[in-house]
Amino acid sequence: MTATAIEHGHEHDHAADDHHHTGEVDLPTYQEYTRRNRLGMWLFFASEAFLFLALLVTRFYLWRGPHGEVVRPELDQFAGLVVTAVLLLSSYFMNRAEVSIANDKRTDFLASLLITAALGTAFLIGVVVWEWGMFPSIVKGHLKPTDGVFGAVVFGMTGMHALHVLSGVVLILNVWWLGRKGHFSSERHWGVEACAIYWHYVDLVWIFFYPAIYLIGSTIEVPH
Amino acid sequence: MSLFTLGIARGLVGQVLGMVIGMLLTCAVRILLGWEAWAAEPAWTVGAVCSIIGFLLGVGSLDDWLKWTKGIPTPMHHGPPVDKPAWTRYFSVDYNHKVIGVQYTVWGILLLMVGGTVAMIFRTELARSGLQFLGLDLYNSFIGMHGMIMIFAILLGVGGMGNYLVPLMIGAEDMAFPRLNALGFWFNVPGSILLLLSLFVGGWDAGWTAYPPLSARGPIGYQLFFLGVFAIGLSSIVGSLNLLVTILRMRPAGMSLFRMPIFCWAVFATSLLQLTATQLIGTSFLMVSVQRAIGMGFFDPRGILGEVSPMVGGGDPVLFQHLFWFYSHPAVYIFVLPGLGIVSELLPVFSRKPLFGYKWIALSSLAIGIVGFIVWGHHMFVSGYNDILRIPFMYATLLVAIPTGVKFFSWLGTIWGGKIHFDTPMLFVLGAISVFLIGGLTGPILATVPTDFPLHDSYFVVGHFHATMFGGFVFPFFAALYYWFPKVTGRMYNETLGKIHFFIMTPAFWVQTLGQMGVGVMGMRRRIADYDPTLGAGQIESWQLAVTIAGFAIAFGVMLMLWNFFQNAEVGVAAGDNPWRSRSPEWQIPSPIPEHSFPAPLRVVGEPYDYGLADSGYVTTASPGDD
Ligand code: HEM
Ligand SMILES: [Cu+2]
């Protein structure tokens with residue numbers, strides 16, 4: 001889905017250029033293009049919401065105890081808390097980046113983007129190394145993907161979310177690079193806005209996923 | 001000019017290269033992990049993913065975005081390519097919605113022919129009991145293949161009509177996101193190729209619904225099938241997003257939502273469903289795919305959680321059915337709502353009367369779409385889910401009859417007392433109504449729990465959904481092809497041939513669908529290559545033969561239509577700008593439509609369907625200074 005994000009990320013930051021080239025028809029203004037892009041972006045989120053909802057439904061459907069009660073696996077609570085905090089913090093810096101470019105504070109803008117990307121990467125490392133235990137020599141994870149429905153759902157949900165975080169980090173780095181080349185201005189920065197709302201959206205999804213995976217339901221004794 | 005000036009040729013090379021690179025990559029990773037280098041399933045799966053990307057890179061659909069990531073401006077180029085013949089634009093990436101609409105439609109018709117051919121093969125097998133020339137597995141792969149190819153074809157036909165017509169009907173210069181629009185089309189090409197390729201790596205024998213546990217265990221073909229569906233799903237999502245933004249933001253001043261041509265309402269409702277529900281078929285297939293690939297046991301029914309440890313089992317195949325039908329029931333409305341919109345669009349033109357109850361029709365599309373989300377369980381009455389669920393799903397399903405009925409009565413009201421012109425498009429619209437009625441009336445029989453028990457998984461269901469899909473898509477789609485052919489080409493098709501097509505296809509279809517229902521009631525099951533010739537008091541073989549003959553007659557009719565179009569596209573009689581005397585914006589401009597459709601922004605000066613009201617118009621295309 002990154003393609004969509006990128007279409008919305010930069011479509012018609014060059015609207016004015018278009019205008020000079022064709023001249024035959026009245027092209028809409030940059031503001032109108034931005035309104036279209038914004039609507040497109042929100043529709044994209046609506047679509048994605050159904051993907052994440054499907055995963056949440058799967059979690060509550062499959063994680064049931066002997067009497068139908070909601071259960072959850074034993075996971076590393078500390079790891080969950082830390083990565084969640086890191087992701088929430090990153091959203092603050094993403095917002096700061098957007099506000100900075102709107103006020104033409106370029107240094108702040110670029111620095112905030114880099115911090116956001118770094119925090120996003122930290123989140124990814126936290127999930128992949130710490131929670132998944134991809135590198136057992138560093139941390140041994142609690143679950144493998146093949147560990148029944150616990151493994152399947154934990155890896156399914158965190159994996160799908162991590163994929164979105166990863167594409168978000170790539171997008172942020174791309175925006176940062178373009179920003180350094182002076183691509184955005186206080187009036188024209190739809191690319192930054194798109195990147196920011198995408199990031200907040202991915203963050204929001206985690207706010208639903210985190211309790212579903214880590215907090216809701218009772219842990220049950222698992223005979224090993 | 002070399003072959004590689006055509007984007008599609010470069011795309012195909014890209015797809016092959018992508019496949020090879022993906023396979024090599026898989027081998028390399030496996031060697032690094034110290035495993036045996038070649039494993040067929042992961043290699044084909046990763047290869048298939050890379051092959052989709054390879055195609056898109058090759059065809060050039062990603063070029064502009066790649067430039068954006070580097071901050072290079074990409075001004076929009078209008079018109080045919082400068083250094084190549086004009087026709088090549090239809091085989092390459094082009095951002096004009098009229099070109100993309102034709103691309104969708106033609107690719108859809110091609111798939112319709114492939115899917116039809118597959119059907120002819122297994123229908124021949126079914127004409128007699130016993131196994132003639134198809135094995136059991138191949139037969140099952142064929143029926144699944146027929147089903148899914150036809151679904152692709154329908155989605156492409158829907159996309160074609162939406163892309164071509166919506167911007168014209170609301171007087172927009174193009175779609176809101178032209179690049180995304182092109183991408184939306186090009187996803188379909190590698191997707192359909194993967195689907196066809198799956199036949200050569202074992203096929204998939206669970207039918208188009210691909211229920212686990214069978215689909216979690218069958219041949220590699222399943223993975224290619226899932227990825228093909230993925231590609232088409234992405235196309236659906238980006239395409240519907242585009243149409244929604246276009247309809248919501250690009251209408252001219254004065255064209256409120258309730259003053260749009262009614263087809264736009266149908267597309268609007270369809271797009272809402274496509275945008276959201278498609279994610280669910282994607283998710284459910286993805287889950288089966290990863291269950292096969294890395295053993296994540298979502299649907300692995302080893303024991304029930306609580307009896308066994310959730311660390312080894314607990315999966316549930318019924319969950320798949322919930323997720324799958326949450327898309328695939330709304331999907332049936334995705335297939336038919338645009339077609340029903342075509343019916344509502346054409347009836348006033350050929351009856352020379354206003355559309356009866358415009359607002360009700362518009363809202364009924366929306367209502368069908370919304371109610372369509374809460375009825376998926378009617379496909380699962382015998383799945384073993386909680387008995388209690390059957391009741392709400394039954395009543396919710398019966399509720400759909402209300403907005404559907406609204407449409408029927410509005411159609412009758414529109415024809416009533418009109419001066420009806422029986423041109424070919426109108427004949428197909430009337431045929432659509434007759435056929436959709438058969439499908440619609442058999443729906444409640446299946447939706448009622450006690451009657452569904454014996455009929456579920458029988459050929460009766462096959463008869464039901466062929467009637468709804470032919471009535472809701474195929475007949476209206478053909479009507480649309482005949483109706484807008486003169487607009488697209490500027491030429492008229494041959495009316496006599498058109499009428500022959502209609503009078504062959506309609507009775508043949510009645511025989512086919514009623515025949516299918518008949519053998520179903522006799523006890524013929526779906527998805528079984530063989531049947532007992534003594535069923536139906538020994539009558540079943542003659543019924544099956546009748547269905548097969550009817551199927552061939554339909555295929556013949558379709559060939560007639562294609563020949564008719566082929567013959568007349570370039571040399572037919574000039575059609576004039578508005579042969580049907582329509583009020584819709586696209587008929588107020590020249591045929592074929594110039595590169596920039598409208599010389600000036602549309603001005604709305606009246607109601608869309610005031611046929612018969614002298615001296616009234618719907619829109620003017622002249623700029624205000626002209627009058
Ligand atoms: C709008 C047009 C319709 C279309 C395109 C359509 C399409 C379909 C399709 C494709 C299936 C078979 C799915 C499979 O492969 O198992 C099906 C089954 C079914 N349809 Fe429809 N349908 C339509 C209208 C209706 C209506 C109006 C009703 C009820 C009021 C209805 C009730 C059912 C039921 C209950 C089944 C499940 C039968 C079974 O598997 O036992 N359908 N329909
Ligand atoms: Cu249904």
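Throughout, protein chains are lettered first and strands after them, A, B, ... in sequence-line order, and every chain is numbered starting at 1.
Interface remark: of the candidates B/Asp316, B/Thr246, B/Val245, B/Ile294, B/Val245 forms the most heavy-atom pairs closer than 4.5 Å to chain A. Comparing A/Val153, A/Val57, A/Leu55 by heavy-atom pairs within less than 4.5 Å of chain B, the highest count is held by A/Val153. With respect to chain B, the highest number of heavy-atom pairs below 4.5 Å among A/Ala152, A/Gly68, A/Ala54 belongs to A/Ala152.
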Checklist entry - Between B/Arg249 and A/Glu32, is a salt bridge (Lys or Arg N to Asp or Glu O under 4.0 Å) present by the stated rule, with each step listed? => result CA-CA 9 Å; B/Arg249 288 229 54 95; A/Glu32 172 57 23; 3.3 Å; yes

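Closest non-hydrogen pair, A/Tyr214 versus A/Asp76, comes out as CE2-O, 3.7 Å. Minimum heavy-atom separation, A/Arg106 to A/Gly179: NH2-O, 3.2 Å.
Checked against a 6.0 Å centroid threshold, the rings of A/His164 and A/Phe52 count as neighbours. Between B/Phe373 and B/Phe326, the distance separating the two ring centers is shorter than 6.0 angstrom.
Contacts of A/Tyr61 with chain B are made by side-chain atoms alone, with heavy-atom separations under 4.5 Å and no backbone atom involved. For B/Leu280, the part sitting under 4.5 Å from any heavy atom of chain A is the side chain, from C-beta outward, and nothing else. Of the atoms belonging to B/Val290, not a single heavy atom falls under 4.5 Å from chain A. B/His322 touches chain A through its side chain: at least one heavy atom from C-beta onward sits under 4.5 Å away, while N, CA, C and O do not. Interface residue B/Leu286: only side-chain heavy atoms are found under 4.5 Å from chain A. Both the backbone and the side chain of B/Leu275 come within less than 4.5 Å of a heavy atom in chain A. Heavy atoms closer than 4.5 Å to chain A are found in the side chain of B/Leu248, but not in its backbone.
Judged by the 6.0 Å distance and 45° axis criteria, A/Arg188 is positioned over the aromatic ring of A/Tyr30.
Ring geometry for A/Tyr198 against A/Phe45 counts as parallel: the plane angle stays under 30°, on a 0 to 90° scale with 60° as the upper cut.
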